[in-house]
Chemist: 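Sending over a structure as structure tokens; questions will come in a sec.
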Amino acid sequence: MNNCEYQQIDPQALSTPIPTPTLPQPTVVVEKEKREKARKKWEVFPGKNRFYCDGRIIVAGQSGVLPLTIGLILVTTGLFFVFDCPFLVKHLTVFIPAIGGVLFVFVVISLLQTSFTDPGILPRATPDEAADIERQIDSSGSSSYRPPPRTKEVMINQQVVKLKYCFTCKMFRPPRTSHCSLCDNCVERFDHHCPWVGNCVGKRNYRFFYTFIVSLSFLTAFIFGCVATHLALRAQGGRGLMFALQESPASAVELVICFFSVWSILGLSGFHTYLVASNLTTNEDIKGSWSGKSGAEDTVNPYSYNTIITNCCSVLCGPMPPSLIDRRGFVPVEASSQTSATEMELPMLPVKKETNVCAQGTKDLLGSASRSPCPTTGKPQPVAAADPAVTFNPALISDPAAMPSLTCGGRHHSHTTSPPDEPRHHHHHHNRHHRTRSRRGRGSKRPALHISNPAYNASLSPPSSPGPRPSHTGARDPRRDSIVALH
Amino acid sequence: MATEFHNLQELRHSASLATKVFIQRDYSEGTVCRFQTKFPSELDSRIERTLLEDTVKTLNTYYAEAEKMGGQSYMEGCLACATAYIIFLCMETHYEKVLKKISGYIQEQNEKIYAPRGLLLTDPIERGMRVMEVSVFEDRGSSGSSLSSSATSGGSAQR
């Protein structure tokens with residue numbers, strides 16, 4: 001929605017007809033072809049999540065034991081309804097399957113919502129942001145070694161809180177945010193990564209998770225109680241428990257499952273009720289951030305409202321924050337090529353070359369990634385898209401972005417060299433890999449990244465990453481997440 | 001090819017993106033969404049202090065309204081819980097409604113105040129609510145002067 005509007009208030013008038021140089025003409029043709037293959041942002045998401053239904057459903061990379069969880073719940077409840085309910089309805093009341101049904105529905109729905117909801121993933125920093133942060137921290141950043149971990153202290157409600165710098169996401173993590181290594185994302189108000197639901201539990205899905213474990217503990221306790229009653233009723237009249245079990249063997253299965261799960265689930269519910277009441281996360285509780293274990297004498301939880309009711313309400317009934325990763329939006333570079341007319345693309349190309357010339361002249365002044373060569377038309381998204389494209393040539397998706405990346409790619413590698421030929425080389429690589437990528441999605445980006453990685457790593461200052469793998473994601477991510485719009 | 005570029009350079013008279021200034025989040029009141037009202041020094045020559053501060057303050061009040069925990073949000077939360085959160089699939093939450101208002105406000109501010117001064121505000125939601133990005137455009141001719149990439153950028157004071 002912003003794209004079209006910002007186009008109208010574009011400060012520059014791109015009305016000057018630009019003679020198209022011969023070189024980019026084949027590129028323009030290719031651009032038009034690529035315009036049709038618009039990619040949605042979920043397809044280029046840098047974390048380890050998987051997406052279904054065209055980005056509507058998000059799950060963690062590893063589903064953990066979610067199938068086991070679902071299987072256990074379905075089997076136990078199914079056996080309950082089939083084998084125990086008829087007897088209990090006949091001998092007790094019809095409300096038993098009704099209550100069981102309601103609980104079962106709550107459990108399944110909240111489980112699916114916990115598993116398939118974005119837990120509060122923070123999109124990675126755009127290259128401009130990352131460079132800005134770099135500049136603030138260390139103006140003399142050396143590229144030969146990784147500096148010590150960076151922290152920043154802020155005062156939150158008169159309490160000193162240390163914010164850590166995330167090397168993967170290239171930003172200072174907001175308070176209560178933690179990076180999940182399994183999902184390779186920073187998650188807001190990170191609680192824990194739950195293998196049973198196969199997803200991180202964070203700000204956005206904590207209330208679903210809590211509903212899930214509470215309703216599951218009720219369901220488990222309910223089934224346990226009903227099955228015990230069933231067996232007791234059958235064993236009446238001196239016939240004995242063994243007779244009852246022989247008559248209804250399924251009940252034995254249910255009894256065993258429920259007996260073992262009720263303790264752990266009830267324990268977990270109790271623990272999380274305590275966390276909710278004191279506005280803590282599992283992460284903070286385990287680390288002892290606010291209990292004085294970390295050394296400071298008078299550390300109190302600065303996020304707590306100091307009353308249980310307010311804490312509960314804020315955690316469970318507070319406003320539902322939106323997803324910050326726009327999964328189903330189009331990747332803006334292609335979006336711009338889709339929505340903008342052809343003349344938008346043509347002027348972009350020569351202008352990038354101009355700025356290349358400019359840039360080379362003022363190479364020293366520029367430092368790192370503080371400037372995009374792309375003469376934006378006022379659209380924030382394409383600008384942002386161009387910037388990462390600038391820094392990460394091979395990670396480009398489409399050629400319009402490729403052109404600025406070619407020029408600025410050369411420029412950003414200016415710490416080493418920036419020959420005019422290099423962009424073309426990268427562009428060629430990009431072309432090849434783009435085709436692969438359109439078939440394979442995220443996976444095929446890796447070969448492209450490998451090629452330019454050394455140059456990229458050399459030119460970029462330390463926090464690019466300690467190892468090759470993170471640097472891949474580092475190289476990819478800003479380009480991907482540079483444009484994040486509200487879903 | 002360089003000659004060609006120079007010719008193009010002379011031909012074009014359009015603004016190009018010079019730099020981006022980032023207004024960081026203000027965490028002094030917790031995790032609620034607030035942006036620092038401290039005026040970034042790079043924009044000193046581009047816009048009056050009060051205009052930007054007013055914009056940021058208005059945005060802060062919008063975000064506070066979105067995240068306000070009052071009767072309406074509690075009712076929404078309890079209703080959602082009662083329906084096993086299915087209504088989130090059907091209904092637009094209060095937060096989302098306020099975000100739409102915010103994006104309309106930012107667009108209006110851009111049209112009226114920032115674009116005439118060669119600036120552009122980016123909606124923070126597009127940056128994951130981490131920063132408010134102010135893109136500074138320069139006429140190409142004066143591109144050198146705009147590269148005041150001073151070490152003391154606006155976001156330096158994080159406290």
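Quantities reported herein were computed from a predicted structural model and do not represent experimental measurements. Every chain is numbered from 1 and lettered A, B, ... according to where its sequence line falls, protein lines coming before strand lines. For the numbers below, each heavy atom of this structure counts, side chains included, while hydrogens, waters and symmetry mates do not.
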Chemist: Which atoms of Phe172(A) come close to chain B, meaning under 4.5 Å heavy atom to heavy atom: side chain ones, backbone ones, both, or neither?
Modeler: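 It is neither, since no heavy atom gets under 4.5 Å.
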Chemist: Does any heavy atom of chain A fall under 4.5 Å from the side chain of Ala80(B), the backbone, both, or neither of them?
Modeler: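 Neither part.
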Chemist: Is chain B contacted by the side chain of Pro174(A), its backbone, both, or neither, given a heavy-atom distance below 4.5 Å?
Modeler: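 Interface part for Pro174(A): both.
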Chemist: Within the supplied structure, the quantity of interest is the number of heavy atoms (other residues, nucleotides, ligands) at a distance under 6.0 Å from Met91(B) CE; does it exceed 12?
Modeler: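 More than 12 heavy atoms, drawn from other residues, nucleotides or ligands, come within 6.0 Å of this atom.
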Chemist: If we define contacts as heavy-atom pairs under 4.5 Å, which of Gln158(A), Arg176(A), Met171(A) has the most with chain B?
Modeler: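 Ranked by heavy-atom pairs under 4.5 Å with chain B, first place is Met171(A).
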Chemist: Let's test your reading of the structure: which of Val105(A), Ile121(A), Ile156(A) forms the most heavy-atom pairs below 4.5 Å with chain B?
Modeler: Ile156(A)
Chemist: Check whether any side-chain N or O of Asn60(B) sits under 3.5 Å from a backbone N or O of Phe35(B) as a donor-acceptor pair, and report yes or no.
Modeler: yes
Chemist: Do the numbers put Arg189(A) on top of the ring of Tyr206(A), so that NZ or CZ is under 6.0 Å from the six-membered ring centre and no more than 45° off the axis?
Modeler: yes
Chemist: Which answer fits Arg207(A), side chain, backbone, both or neither, if we ask what part of it has an atom under 4.5 Å from a heavy atom of chain B?
Modeler: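 Backbone plus side chain of Arg207(A), per the 4.5 Å heavy-atom cut-off to chain B.
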Chemist: How far apart are the C-alpha atoms of Tyr105(B) and Thr58(B), what are their side-chain angles, what is the distance that settles it, and do they pass the side chain to side chain donor-acceptor pair (under 3.5 Å) test?
Modeler: CA-CA 9 Å; Tyr105(B) 172 75; Thr58(B) 314; 3.3 Å; yes
Chemist: Name the member of Glu67(B), Met69(B), Lys68(B) that forms the most heavy-atom pairs with chain A at distances under 4.5 Å.
Modeler: Met69(B)
Chemist: Going by the angle between their ring planes, with limits at 30° and 60°, are Phe212(A) and Phe209(A) parallel, tilted or perpendicular?
Modeler: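 Ring orientation, 0 to 90° scale: tilted.
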Chemist: Side chain from CB out, backbone as N, CA, C, O: work out which of these in Leu163(A) comes under 4.5 Å of a heavy atom of chain B, or both, or neither.
Modeler: side chain
Chemist: Kindly determine whether Asp54(B) and Lys57(B) satisfy salt bridge (charged side-chain N to carboxylate O under 4.0 Å, His left out), including the steps that lead there.
Modeler: CA-CA 5 Å; Asp54(B) 280 344; Lys57(B) 282 185 186 145; 5.2 Å; no
Chemist: In terms of heavy-atom proximity below 4.5 Å to chain B, should Thr211(A) be classed as side chain, backbone, both, or neither?
Modeler: side chain
Chemist: Would the number of heavy atoms belonging to other residues, nucleotides or ligands and lying under 6.0 Å from NZ of Lys162(A) be above 12?
Modeler: no
Chemist: Does Asp26(B) form a side chain to side chain donor-acceptor pair (under 3.5 Å) with Ser28(B)? I'd like the steps, not just the answer.
Modeler: CA-CA 6 Å; Asp26(B) 172 17; Ser28(B) 59; 2.9 Å; yes
Chemist: Against chain B, label Gln113(A) side chain, backbone, both or neither, depending on which of its atoms sit under 4.5 Å from a heavy atom there.
Modeler: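 It is the side chain, since no backbone atom gets that close.
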Chemist: For Tyr305(A), is it the side chain, the backbone, both or neither that has a heavy atom under 4.5 Å from a heavy atom of chain B?
Modeler: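 Looking at Tyr305(A), just its side chain touches chain B.
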